[in-house]
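Presented below is the structure to which this report refers.
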Amino acid sequence: MIMLTNDPNALLSLKHQAVFDEDPDLQRVAVEQLVIQWKNHPDTVPILKQLAISGQCPDVRRVATENLVQGWPNDPNILPFLKQLVVSNNEYWWLQEAILTQLTTGWYDDPNTIAFLKQLILADQYRSSNVRYVALKQLARNWQNEPETLPFLKQRAISDIDETLRETAVELLAEGWQEDPFTLAWLKQRAESDRHWGVRLAIVEKLKQDGRYDADNIAWLKQMAMSDPSPHVASEAVSKLAQLAKDDPDTVTTIKQLAVSAQVSEEVRRAAMSQLAENWQYDLESLSTFKQLAVFDKSAHVRLAAVKRLVQDWREDCDTVAIMKRLAVSDTALEVRKAALGYLIENWQHNSDTVAILKQVVQYDESWQMRELAVVQLGAFWQHDPDVLTFLKQQAESPECWVVGEIAVAQLTVGWKDEPSVLPLLKKLAMSNSDVRVAAIRELSIAWKDDPDTVAILKKVVASDESWHARKIAVEKLATGWYDDPDTFAIIKKAALSDEQHNVKIAAMEMLVNGWQDDPEAIATIKQVAMCDSFSEVRMAAMELLAKTYKNNPDTLTTLQQMAATDQCSDVRVAAISKLANDGKDDPNILAWLKQQAVDDPCSYVQRATMEQLATDWKNDPDTLDIIKELVMSGKCSELQQSAVVQLATDWHDDPDTISTIKKLAVSAHCPDLQQLAMQQLALGWKDDPDTFTIIKQRIESGEELEVRQAAMQQLAIGWKDDPKTLALFKQLAISDGDMSVRQTAVVELGICWQNDPQTIEILKQVAINDDSFYVRQTALELLALLGKNAPHTFVILKQLAQFDQNAYVRRSAIQQLALGWYDEPGMFEFFSDRACSDPFVRQEDWQDNPRQTALEAIIEKYRENDLILQILRDRSENDLDEQVKVFAINRSLNYQRYN
């Protein structure tokens with residue numbers, strides 16, 4: 001797509017395509033062209049921001065974000081925008097990760113970057129869980145040598161209530177500090193105490209490979225393998241133990257014990273068996289162990305694992321053959337029988353015992369999969385055995401299941417075609433009610449095409465068989481193999497018109513077109529089916545055949561038009577309209593009919609498709625614009641009306657009535673979605689019109705639907721950021737609007753777009769203290785901590801909120817912010833201690849976060865050398881009224897004593 005940068009219409013079209021096109025690929029192309037051709041245009045950055053925030057397609061949001069970062073790295077407004085986007089977007093973790101990667105590379109030296117990452121990590125996980133993981137990884141990998149990084153990670157690994165984040169923290173600790181013996185010891189202690197198996201598993205997985213001869217590591221792994229309650233952790237410990245201590249004589253004993261022990265989980269036993277086979281293959285005791293497990297173990301999973309190891313590593317052992325013969329017919333588990341039979345087939349294909357076992361499986365095995373496998377092998381490798389022929393004939397006539405019968409029929413055709421008794425048997429089966437008649441019909445039409453009875457059987461099946469599968473294959477075989485038979489055409493035609501199953505009808509029509517394309521009766525039959533059949537899928541298929549094969553037939557357009565007008569199924573009508581638009585562009589009658597259909601069709605879905613065809617193929621027809629205007633003002637508040645608005649604003653932007661129509665909708669449409677759409681169109685296409693700003697501003701102030709007000713706020717902040725009236729309005733909304741969602745949106749926009757305005761910090765302070773909604777107060781205090789760290793009174797306000805706010809979420813958030821940015825201020829240890837003991841939180845639900853625990857976490861993390869920590873933890877473990885805080889304090893006091 002190449003456009004001229006001096007073409008205003010090209011720019012307008014590209015902007016609309018970037019924002020409104022339903023094809024994500026075209027949207028991405030439009031975004032890239034905007035950045036290449038119109039990077040310096042004042043609308044480009046606002047459009048990219050809008051797409052990054054609210055684009056419907058994840059890929060479009062990603063492309064918009066990447067272009068913002070790469071194209072405007074020095075723009076002072078981009079960094080705060082990206083930060084807010086990370087905080088507010090929880091849908092696409094990879095988008096957050098991409099933004100944070102850019103932050104840590106493009107703004108690595110910014111002193112606020114580390115604080116911002118920590119703020120994200122400590123954020124309420126119910127609002128931003130995904131971004132916390134990404135931020136933690138960026139912090140650990142880019143600021144590994146920062147003195148506070150290691151203790152911060154350890155604290156997250158210990159105290160974060162999100163088990164996945166604890167797991168991430170220990171993985172990062174093992175990756176970045178594996179040479180530190182103290183960290184390794186700390187991780188092993190952590191594995192013994194963390195209640196989440198994923199954390200323990202991560203520690204076992206990350207154990208250093210060069211710890212091969214470390215006696216402590218080996219002893220620790222044995223303990224984890226024998227006693228960890230999680231099978232995942234214990235299994236990984238078994239694997240690690242075999243890796244690091246293969247030559248340790250006690251290791252093989254431990255692993256053998258685990259393999260045979262009924263006291264451990266199946267997963268651990270299988271892991272132990274796997275390590276035995278891989279590392280101690282030539283140990284005679286290992287072989288004996290596997291034989292016993294394969295035959296006698298109560299667990300099917302363990303028996304299967306033993307069988308697989310025997311056939312893989314000891315396939316030539318004489319006992320292996322005997323064991324597999326026994327298991328193939330007697331084991332209670334399908335997968336064990338299947339593995340054993342597979343071994344016999346692969347290694348003892350022509351053994352007389354094998355054929356006897358195969359017959360036994362076909363007759364008596366409860367699984368059709370086993371019987372199918374056995375029948376295939378009998379037919380493929382025992383054609384010389386007369387007993388096998390008799391056996392297969394019996395299975396074809398009286399199969400235990402239809403799959404076995406069909407395979408038996410196919411094997412008879414392949415291996416015994418010249419045997420005199422096979423053909424009569426297949427004829428009999430083809431005319432029976434047997435489940436194998438479809439296979440018999442197929443084999444007859446292929447292998448015995450010249451037999452005079454075959455065509456007669458096919459004709460009879462098409463006419464009267466109860467199975468539609470049989471009728472369908474008979475139709476296809478008859479049309480292709482007996483084209484010249486004088487009855488074939490009539491039979492196929494009748495099936496297309498009157499068969500009771502739609503699959504048979506469609507197959508018959510396709511055969512008519514393939515074999516008798518130029519026959520007038522064939523054409524007439526397809527038309528009749530298209531107009532009259534009771535199945536919509538059959539009518540649709542007939543229409544497709546007409547449009548494709550009989551495009552130039554003079555009656556085809558008429559038939560399509562009738563279908564588009566009268567078919568009861570809207571999907572059929574839409575498909576017919578599309579065919580008409582493609583094939584009837586030069587027919588004035590078609591155009592006139594489409595115009596009428598766009599207005600009168602009772603289905604809005606059909607109307608929309610017709611309107612889009614008119615706008616695409618007949619844009620310059622004077623009636624097209626009138627039709628779209630009529631649909632725009634229809635007042636139905638439907639997708640049809642919204643689509644018409646987009647068509648009008650995009651394709652008729654320069655029409656003098658268009659802007660007035662869009663303005664009217666933005667002001668007075670009864671549908672909130674339509675008002676939002678109209679405002680977006682005004683902001684995109686008529687930003688410089690003096691009424692646009694006024695209309696959008698009025699939508700914010702008028703007290704209408706909340707979603708309309710918020711959409712208008714977004715448009716105003718993106719498009720008119722530099723207008724002083726916009727800033728004044730957002731200040732007013734943040735302080736005094738009656739809707740808490742509007743106040744919260746205004747606070748966020750102030751923090752994104754006007755963070756350098758001298759009054760922004762003051763408004764954030766005022767809102768954080770006085771707003772009636774705790775959501776708004778919490779948002780304001782977080783932005784205040786981020787933007788106003790050096791502002792006077794911020795520290796005091798956060799302390800006041802942490803102490804006196806009525807809402808626990810606000811108090812907890814204030815404590816977190818203080819721990820991030822002000823922990824080294826005089827008296828803060830005492831302040832956090834007071835909060836840990838005195839916060840008035842009373843638990844109502846298990847999932848709630850207690851500010852007292854948050855304060856304890858801050859103390860442990862920031863002041864670990866303080867001698868009073870243990871005293872505070874013991875006090876909370878004995879006296880706190882919240883059981884969760886008690887348990888937390890008990891665990892942390894034990895850890896604190898252990899490591900201090």
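Not measured: the values here are computed from a predicted model. FYI, side chains are in, hydrogens and waters are out, and symmetry mates aren't considered; it's all heavy atoms of this structure. Residue numbers run from 1 in the order of the sequence given.
In this view, W686 and H653 satisfy the ring pair (Phe, Tyr, Trp, His ring centres under 6.0 Å) rule, not counting sequence neighbours. Under the salt bridge (charged side-chain N to carboxylate O under 4.0 Å, His left out) criterion, E66 pairs with R62, sequence neighbours left out. A search for salt bridge (charged side-chain N to carboxylate O under 4.0 Å, His left out) contacts involving E32 returns nothing, not counting sequence neighbours. The salt bridge (charged side-chain N to carboxylate O under 4.0 Å, His left out) search around D465 returns R437, not counting sequence neighbours. Every residue two or more places apart in sequence or in another chain was checked for a ring pair (Phe, Tyr, Trp, His ring centres under 6.0 Å) with Y550, and none qualifies. Legend: residues meeting ring pair (Phe, Tyr, Trp, His ring centres under 6.0 Å) with Y605, ordered by chain and number and at least two apart, are absent. Listed by chain and residue number, nothing satisfies the salt bridge (charged side-chain N to carboxylate O under 4.0 Å, His left out) test with K417 (two or more places apart in sequence, or in another chain).
Within the 3.5 Å criterion, the main-chain N or O of M543 finds no donor-acceptor partner in the side chain of K579. Checked by atom type and distance alone, the side chain of S660 pairs as donor or acceptor with a backbone atom of D657 at under 3.5 Å. No donor-acceptor pair closer than 3.5 Å links the side chain of E705 to the backbone N or O of E707. With hydrogens and angles ignored, the 3.5 Å screen pairs no side-chain donor or acceptor of Q27 with any backbone N or O of V60. Remark: side-chain polar atoms of E406 are not paired, donor with acceptor, to backbone N or O of V436 under 3.5 angstrom. Using a distance-only test at 3.5 Å, with no hydrogens or angles considered, no donor-acceptor pair links the side chain of T488 to the main chain of Y483. The backbone N or O of A649 lies less than 3.5 Å from no partner atom in the side chain of T658, so there is not a single donor-acceptor pair.
In this structure, V606 and I577 have side chains that are in contact, with non-hydrogen atoms separated by less than 4.5 Å. Here the side chains of V35 and L48 are in contact, with some heavy-atom distance below 4.5 Å. When side chains are defined from C-beta on, L631 counts as touching Q607, because their heavy atoms get closer than 4.5 Å. A 4.5 Å side-chain heavy-atom check between M679 and V708 finds at least one atom pair inside the cut-off. Counting only heavy atoms from C-beta outward, the side chains of V529 and K505 never approach each other to under 4.5 Å. Residues V403 and R371 are not in side-chain contact: their nearest non-hydrogen atoms beyond the backbone lie 4.5 Å or more apart. In this structure, R471 and E500 have side chains that are in contact, with non-hydrogen atoms separated by less than 4.5 Å. Contact check for T610 versus D601: no side-chain heavy atoms found under the 4.5 Å cut-off.
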Review item, side-chain donor-acceptor pairs of residues 438-446, under 3.5 Å, at least two apart:
residue : atom : partner : partner atom : Å
E443    : OE1  : T413    : OG1          : 3.4
S445    : OG   : I441    : O            : 3.2
S445    : OG   : R442    : O            : 2.9

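Annotation: K15, atom NZ; neighbour count of heavy atoms from other residues, nucleotides and ligands within 6.0 Å is above 12.
A salt bridge is absent between D499 and K494: the closest approach of a Lys/Arg side-chain nitrogen to an acidic carboxylate oxygen does not fall below 4.0 angstrom.
When all heavy atoms are compared, the tightest approach of A495 to V462 is CB-CG1, 4.4 Å. Contact record, A408 with A396: CB-N, 4.0 Å, taken as the closest heavy-atom pair. The heavy-atom pair separating I506 from A541 by the smallest distance is CG1-CB, 4.0 Å. Between I695 and V667, the closest heavy-atom pair is CG2-CG2, 3.9 Å. The shortest heavy-atom contact between T566 and Q562 is OG1-O, 2.6 Å. Here the closest non-hydrogen pair linking Q641 and V632 is NE2-O, 2.7 Å.
For residues 437-478, no pair satisfies ring pair (Phe, Tyr, Trp, His ring centres under 6.0 Å), with sequence neighbours left out. The salt bridge (charged side-chain N to carboxylate O under 4.0 Å, His left out) analysis of residues 421-431, with sequence neighbours excluded, yields the pairs E397-K428, K427-D451, K427-D453. Applying the salt bridge (charged side-chain N to carboxylate O under 4.0 Å, His left out) rule to pairs touching residues 556-570 yields R539-D567, sequence neighbours excluded. Applying the salt bridge (charged side-chain N to carboxylate O under 4.0 Å, His left out) definition to pairs two or more places apart or across chains, those involving residues 554-566 are K527-D555.
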Step by step, work out the side chain to side chain donor-acceptor pair (under 3.5 Å) result for S421 and K393. CA-CA 9 Å; S421 61; K393 287 165 66 177; 2.7 Å; yes
Before giving the answer on side-chain contact (heavy atoms from CB on, under 4.5 Å), spell out for L682 and K663 the whole-Å C-alpha distance, their side-chain angles and the decisive distance to 0.1 Å. CA-CA 7 Å; L682 282 176; K663 288 178 181 178; 3.9 Å; yes
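No side-chain N or O of S604 forms a donor-acceptor pair with one of E639 less than 3.5 Å apart.
Partner K595 forms a side chain to side chain donor-acceptor pair (under 3.5 Å) with one of D600, T624, D621 and no other, that one being D621.
Rounding to the nearest 0.5 Å places OG1 of T549 at 8.0 Å from CD1 of I526.
Taking the ring axis of W482 as reference, the NZ or CZ atom of K477 does not stay both within 45° of it and closer than 6.0 Å to the ring centre.
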